[in-house]
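Have a look at the structure below, then the notes.
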Amino acid sequence: MPERHQIRCINKTNRPSAYERIHSVGGLNGDGTRWRISQQDAITGIEAGKWSFYVAQGGLPVDVIVARSAAGNKYLKTRADGEQPNNLLSLPECP
C-alpha cells in the first residue's frame, strides 16, 4: 500500500505552459518537518506504487494523479481538475 501524503505547497518554474509550471511539491511530515520532492520524483513514486498524494479542497481530500499533456509529457494534477492542474497551481510556494 502506498504511503499517503498531503501536498501543501509547490514550487513553480518560469515556463508559460501549465503542464510544465510545477517544479516540485511539498508538505509536512508527522513530526512537523518539511518535505519537498521534484514533480518527476512524485510521478515516479506514484507510478511505482510507493506514494499517493492529495490536496485539501474545502476540507476534503482530493487525489493527485499523473496525467499526460497533448504533447505526451507527464504532469501532476488532481482528479477534480480539468486539463490543467489548477488545484495544485493555486497552492502557496514552498519555503
Side-chain angles (χ1 to χ4, degrees):
M1 179 149 219
E3 291 179 29
R4 190 150 168 84
H5 301 279
Q6 181 180 359
I7 296 175
R8 296 175 180 248
C9 61
I10 63 167
N11 291 112
K12 299 176 187 176
T13 66
N14 290 326
R15 296 181 182 183
S17 168
Y19 312 112
E20 299 175 345
R21 266 191 231 153
I22 297 172
H23 175 269
S24 55
V25 296
L28 295 175
N29 292 309
D31 63 2
T33 59
R34 296 186 181 277
W35 61 267
R36 181 173 40 182
I37 59 172
S38 71
Q39 175 173 244
Q40 184 55 53
D41 285 346
I43 289 169
T44 300
I46 291 169
E47 292 180 333
K50 181 177 179 181
W51 298 315
S52 71
F53 297 97
Y54 70 96
V55 297
Q57 292 294 317
L60 299 174
V62 179
D63 289 335
V64 173
I65 60 171
V66 177
R68 216 178 256 281
S69 70
N73 299 319
K74 293 180 183 179
Y75 65 99
L76 297 175
K77 71 173 200 163
T78 65
R79 287 195 193 278
D81 281 331
E83 190 173 322
Q84 295 189 11
N86 296 324
N87 284 332
L88 288 172
L89 288 171
S90 68
L91 293 174
E93 286 280 326
C94 295

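Side chains included, hydrogens not; waters and symmetry mates left out as well; all remaining heavy atoms used.
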I'd like to know if L28 and L91 are part of one continuous hydrophobic network [Ile/Leu/Val/Met/Phe/Trp/Tyr, side-chain heavy atoms within less than 4.5 Å]. no
C9 and G27: which non-hydrogen atoms are nearest, and at how many Å? SG-N, 4.3 Å
Hydrophobic cluster identity match, W51 and I65, side-chain contacts under 4.5 Å: no
Just by distance, do the side chain of E3 and the backbone of K50 share a donor-acceptor pair under 3.5 Å? no
Residues L89, R21; criterion side chain to side chain contact (heavy atoms under 4.5 Å, CB included); working and verdict: CA-CA 8 Å; L89 288 171; R21 266 191 231 153; 3.6 Å; yes
As an exercise, state the distance from CZ of R68 to CD1 of I43, rounded to the nearest 0.5 Å. 9.5 Å
Exactly one of T78, V25, L76 clears side-chain contact (heavy atoms from CB on, under 4.5 Å) with V55, and that residue is T78
Following the transitive rule for hydrophobic clusters with a side-chain heavy-atom cut-off under 4.5 Å over Ile, Leu, Val, Met, Phe, Trp and Tyr, establish whether L88 and V66 coincide in one cluster. yes
Mark yes or no for whether N11, through its side chain, and C94, through its backbone, hold a donor-acceptor pair below 3.5 Å. yes
Return the minimal non-hydrogen interatomic distance between N87 and D81, and the atom names on each side. N-OD1, 3.0 Å
Taking every non-hydrogen atom, the tightest pair across R36 and S24: CD-OG, 3.5 Å
With no hydrogens and no angle check, do the side chains of D41 and T44 hold a donor and an acceptor under 3.5 Å apart? no
Indicate the atoms forming the closest heavy-atom contact of P61 with Y54, along with that distance. CB-CD1, 3.6 Å
Okay, side chain of Q39, backbone of H23: is any donor-acceptor separation there less than 3.5 Å? no
As an exercise, state the distance from CZ of F53 to CZ of R8, rounded to the nearest 0.5 Å. 13.5 Å
If the condition is salt bridge (charged side-chain N to carboxylate O under 4.0 Å, His left out), which residues does R79 pass it with, not counting sequence neighbours? D63
Report yes or no: does N29 contribute a side-chain atom to a donor-acceptor pair with the main-chain N or O of D31 at less than 3.5 Å? no
